[in-house]
Amino acid sequence: MTSLISDKTIPAPRSAVLDDAHVGDIRGALGTIKHDDTGERRGLSAKLKTLLAIVGPGLIVMVGDNDAGAFATYGQAGQNYGTQLLWTLLLLVPVLYVNQEMVLRLGAVTGVGHARLILERFGKFWGAFSVIDLFLLNALTLVTEFIGITMAADYLGLPKTASVILAAAVIIASAFTGSFRRFERIAVALCAASLLLVPLYFLLHPKTSQMAHDFVTPVIPGGSGELATVMLLIIGIVGTTVAPWQLFFQQSYVIDKRITPRFMKYEKVDLWIGIAVVVIGAAALMGLVAAAFAGTKGFGNFTDTAGLINGIAAKAGKVAGVLFAIALLDASIIGAFAVSLSTAYAIGDVFGMKHSLHRGIKGAKGFYAVYAGLVAAAATIVLIPGSPLGLLTQGVQTLAGVLLPSASVFLLLLCNDKQVLGPWVNGPKTNAFTAAVVGVLVSLSIILTASVLFPDISAAAILDIMAGCGVAGVLAAGYAFTRRRTATKEDPIDRTGRDSWRMPPLETLTRPIMSTGRKIGMGALRTYLLVAAVLVVIKIVQVALGN
């Protein structure tokens, strides 16, 4: 079976959907679309009803990224540098859209999760690597979510143990209903609650004109003397805004919601809504924290999220402190939802377990066991006296930075695989932009790894790393351009009929041929990931033993 024959796209008679629960009516939080409803949407009312039914995947994955770790990272930027790093959010908007648009396209067209596609198209090593690193990184990320829950509970005067147990029970019970719609309604309600940051922003009333200026004017605060410190914070902002788990979650959630290619336009709108909400929330957070600490002894002396709550309360009163604590609690729970689900989806996808929120516990025991087990383990670690919680938070940020480039590389390769996406493969502009993003992420990853291994790294060393990566990027781009000029010109991709095209069953696809250049690149990536991950783990263990 082929996906493209001569100049005409042939709809695949069978699809690769692995779980039959992923086929049927779309039952979203805000509406329903029947499986046999194939009529054209005409009129504003019909289009709006369809959009409301589709809304969910893009919104949840984006708002879930403004989690406990994001509160700490954006809060640190606001407390230490005011609003001078707001411009990083604007630069990340196209990165967020392009990355997430590619995974939603993969999900809608293939019906197969991200980890399973990597396993089938690139072999057992990369398949195992993608699942293992996702599992470990997500487990650590879940711990940071519960750290956020304990900080919020402490300020609200709630007992730590009871709060953690109750939060874990809510997170688990929300997914155990056996109803996709009920879960999504809970998640969308929590997403709406994240907008608490907006009234809090007005309570602290930062200068709007200064915010607008810093949003569009790139500045490195502190000059060359603080370059190393600021660069690490910028990397932290990138890492907390563009996280590896997002790719796995979005693709699997689109599949579980039963969204097909004909609803791609609506899902892209959903994604833009999510990006708008997450950027507004991040900007509001950075701005209100900057206003709270401006002119105080705390400015430039970030400690943790608990310090942020106390500083906001000191500036704007107890009500403001309570609102911030509730927003932190809400963000931590949303993050825990999304991170746990992304892991359970990936493991279910790779190991052939039933993995859908449409199924009850009896119909997908392994899926729910992974979900509940992760949540319970993270909650337990937070409650263990003497747990190195600060070190775990640092480990999450570092490992995320190390692993993100590899996730982006596989995403780019899969979106250029014609057997997988057929008429939905990337165009030249998307490839060029994504390749540039991957190059930047690799550079930031190397800087982050170096900073963990050598805490006293100088600004000059960082500039040298950036220059070296820039030269390597130019050489790689030149090589790719030369190959395109000398290669046989390929027929243009015929995108007609793509709304009904689905990827054929995986067993009918032939393994992609690895060119010499790709083999070298994949080998280099594998070596870097292994070396960097081992060195980072050794460093974290050394710090833990030293403490």
Side-chain angles (χ1 to χ4, degrees), residues 61 64-73 76 115 128-151 164 167-168 171-172 232 235-249 304-305 328 331-347 370-407 444-445 448-449 451-453 529-530 532-545 547:
V61 74
D65 200 43
N66 263 3
D67 59 357
F71 267 61
T73 303
Q76 180 180 358
F129 183 88
S130 67
V131 172
I132 293 171
D133 72 48
L134 180 73
F135 184 87
L136 294 176
L137 183 57
N138 283 4
L140 292 174
T141 303
L142 266 176
V143 173
T144 68
E145 309 299 0
F146 278 99
I147 293 172
I149 289 170
T150 61
M151 290 181 175
V164 169
I171 293 166
I172 293 172
L232 293 183
I235 294 170
I237 292 173
V238 173
T240 197
T241 309
V242 188
W245 68 261
Q246 290 176 298
L247 308 180
F248 294 84
F249 175 86
D304 54 26
T305 310
L328 172 61
S332 301
I333 292 175
I334 296 174
F337 273 157
V339 170
S340 302
L341 261 184
S342 71
T343 312
Y345 276 139
I347 291 178
V370 171
Y371 180 92
L374 273 173
V375 174
T380 301
I381 291 173
V382 170
L383 292 177
I384 295 175
S387 296
L389 301 181
L391 192 61
L392 287 174
T393 301
Q394 179 187 4
V396 168
Q397 294 175 335
T398 304
L399 288 175
V402 169
L403 298 174
L404 184 57
S406 66
L444 295 180
S445 176
L448 181 59
T449 305
S451 69
V452 171
L453 300 176
L529 288 173
L530 291 175
V534 169
L535 290 177
V536 167
V537 169
I538 290 174
K539 184 65 177 182
I540 291 175
V541 171
Q542 287 176 342
V543 173
L545 294 177
N547 291 336

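All values below come from the heavy atoms of this structure, side chains included, with hydrogens, waters and symmetry mates left out.
At least one donor-acceptor pair closer than 3.5 Å links the side chain of E145 to the backbone N or O of A68.
A distance of 8.0 Å separates CG in L328 from CE in M151, rounded to the nearest 0.5 Å. Between I347 atom CD1 and L134 atom CG the span is 7.5 Å, to the nearest 0.5 Å. A distance of 10.0 Å separates CG of L341 from CH2 of W245, quoted to the nearest 0.5 Å.
Residues passing the ring-ring contact (aromatic ring centres under 6.0 Å, His included) test with Y371: none are found, sequence neighbours excluded. Every residue meeting the side chain to side chain contact (heavy atoms under 4.5 Å, CB included) condition with A70, not counting sequence neighbours, appears here in chain and number order: N66, D67, Y74, T240. Listed by chain and number, the residues in a ring-ring contact (aromatic ring centres under 6.0 Å, His included) with Y345 are F367 (sequence neighbours excluded).
Residue F249 comes nearest to A338 through the heavy atom pair CD1-O, 3.4 Å, listed as atom of the first residue, atom of the second, then distance. Closest heavy-atom contact between A243 and D65: CB-OD1, 4.0 Å. In this structure, V382 and V143 approach most closely via the heavy-atom pair CG2-O, 3.7 Å. When every heavy atom of V131 is checked against every heavy atom of A115, the shortest pair comes out as CG2-CB, 3.9 Å.
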For residues 135-142, which side-chain donor-acceptor pairs fall under 3.5 Å, sequence neighbours excluded?
unit_1 : atom_1 : unit_2 : atom_2 : d
N138   : ND2    : V339   : O      : 3.4
N138   : ND2    : S342   : OG     : 2.9
N138   : ND2    : T343   : OG1    : 2.7
T141   : OG1    : L137   : O      : 2.8

